[in-house]
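Down below is the structure, laid out as structure tokens.
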Amino acid sequence: MQTSALPDLAHTATKPVHWLATAAAMAGVVALAGLLQPRTATATATAPEKRTTTPVAAPDPATVDFPLECGGAGTTVAKQAPGDLDGDGRPETVAVVHCDAGSGTPPSGIYVLTQQSGAAPRVVATLVDPADRKTVGEFAVREGRVSATLLGYSSLEVPRCCPDQEEQATWRWRGNAFVRTSGDLARSV
């Protein structure tokens, strides 16, 4: 190795004063960068760009005329649950409804309600028709699916208080209709 004929350079033998000078220079650069920031943006949205984040309320089943033949007895909304079933960002309401019979176990219908802006809620689908003579046990709306336990009777001899058939059913929106995706077979309980 060949040795240099020049004296040692200052940067090859650093001393604490060098580190202190470097730190002071860096602090000066950071402070100067903080003072030279661009002005704060002051743009505002024009009327069409302003958006409201108010959530859209699900349709209220208390204001709907359900397609039930109750002979003047009126209807009862036994259960209800909101959910966006068709993926349009607006919630629908699924309602379990039966005639207000006063006693006994009247058959239920499961209805899907929707509501356009400014319009009254309306029934857009019937998942279970009361003519099927089923009552609804467990019921839920989750992740775009409607699921229900349907209770029924194997014959006219079975007392109306005590259903002897149980069926699990699930519906999901596909294209332009609700499709039943499970529970096609009934089983005795």
Side-chain angles (χ1 to χ4, degrees), residues 48 51-189:
R51 302 200 188 264
T52 134
T53 57
T54 305
V56 177
D60 181 4
T63 63
V64 175
D65 288 326
F66 292 96
L68 285 168
E69 296 294 328
C70 296
T75 59
T76 298
V77 177
K79 301 174 184 182
Q80 67 183 35
D84 183 7
L85 301 174
D86 58 3
D88 67 353
R90 298 180 64 90
E92 288 77 31
T93 297
V94 182
V96 177
V97 184
H98 60 77
C99 291
D100 189 12
S103 63
T105 317
S108 299
I110 299 179
Y111 302 98
V112 178
L113 312 175
T114 190
Q115 184 174 10
Q116 299 299 324
S117 295
R122 63 187 177 93
V123 174
V124 292
T126 300
L127 304 180
V128 173
D129 191 325
D132 296 337
R133 307 193 61 69
K134 303 282 184 184
T135 57
V136 178
E138 297 295 318
F139 164 76
V141 175
R142 285 189 204 99
E143 299 174 358
R145 287 188 314 266
V146 178
S147 59
T149 302
L150 304 178
L151 306 172
Y153 306 93
S154 60
S155 71
L156 292 175
E157 286 76 38
V158 176
R160 295 296 117 185
C161 67
C162 311
D164 65 340
Q165 291 185 329
E166 180 180 300
E167 180 180 1
Q168 300 300 318
T170 303
W171 296 266
R172 182 179 281 279
W173 181 255
R174 303 259 187 210
N176 60 357
F178 284 96
V179 176
R180 190 171 174 162
T181 57
S182 67
D184 291 329
L185 301 174
R187 64 178 175 84
S188 295
V189 287

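If you're wondering where the values come from, they're calculated on a predicted model, not measured in any experiment.
Proximity of Pro91 to Val56: side-chain heavy atoms (C-beta onward) are separated by under 4.5 Å at one or more points. Using a 4.5 Å heavy-atom cutoff, the side chains of Thr93 and Tyr111 are not in contact. For the pair Thr181/Arg174, a side-chain contact is recorded, criterion being any heavy-atom separation below 4.5 Å from C-beta on. At least one side-chain heavy atom of Glu92 sits less than 4.5 Å from a side-chain heavy atom of Asp84. Looking only at side-chain heavy atoms (C-beta outward), Ser108 and Val128 stay at 4.5 Å or farther from each other. Side-chain contact between Val123 and Pro67 is present, with at least one heavy-atom pair separated by less than 4.5 Å. No side-chain heavy atom of Val96 sits less than 4.5 Å from a side-chain heavy atom of His98. In this structure, Thr114 and Arg90 have side chains that are not in contact, with every pair of non-hydrogen atoms separated by 4.5 Å or more.
For Pro107 against Pro130, the heavy-atom pair with the smallest separation is CB-O, 3.5 Å. Between Val64 and Pro121, the shortest heavy-atom distance links the atoms CG2-CB, 3.7 Å. The two residues Glu138 and Lys79 have their closest heavy-atom pair at N-NZ, 4.2 Å. In terms of heavy atoms, Gln165 sits closest to Tyr153 at OE1-O, 3.7 Å. Considering all non-hydrogen atoms of both residues, Thr170 and Ser147 come closest at OG1-CB, 4.0 Å. Closest approach of Val136 and Ala148 over heavy atoms only: CG1-CB, 4.1 Å.
To the nearest 0.5 angstrom, Lys134 atom NZ is 11.5 Å from Ile110 atom CD1. Atom CG of residue Asp65 and atom OG1 of residue Thr75 lie 8.0 Å apart, to the nearest 0.5 angstrom. For the atom pair CZ (Arg133) and CG (Leu150), the distance works out to 14.5 Å, reported to the nearest 0.5 Å. The CZ atom of Phe178 lies 10.5 Å from the OG1 atom of Thr126; values are rounded to the nearest 0.5 Å. Taken from OG1 in Thr76 to CZ in Phe66, the straight-line distance is 10.5 Å, to the nearest 0.5 Å. Atom CG of Leu85 and atom CG of Leu113 lie 10.5 Å apart (nearest 0.5 Å).
The backbone N or O of Ser154 lies less than 3.5 Å from a partner atom in the side chain of Asp164, making a donor-acceptor pair. Checking side-chain atoms of Trp171 against main-chain N and O of Trp173 turns up no donor-acceptor pair under 3.5 Å.
With a 6.0 Å radius and a threshold of 12 heavy atoms from other residues, nucleotides or ligands, Asp88 has its CG atom above the threshold.
Paired with Thr149 under the rule side chain to side chain donor-acceptor pair (under 3.5 Å), one option of Glu166, Glu167, Gln168 passes, and it is Gln168.
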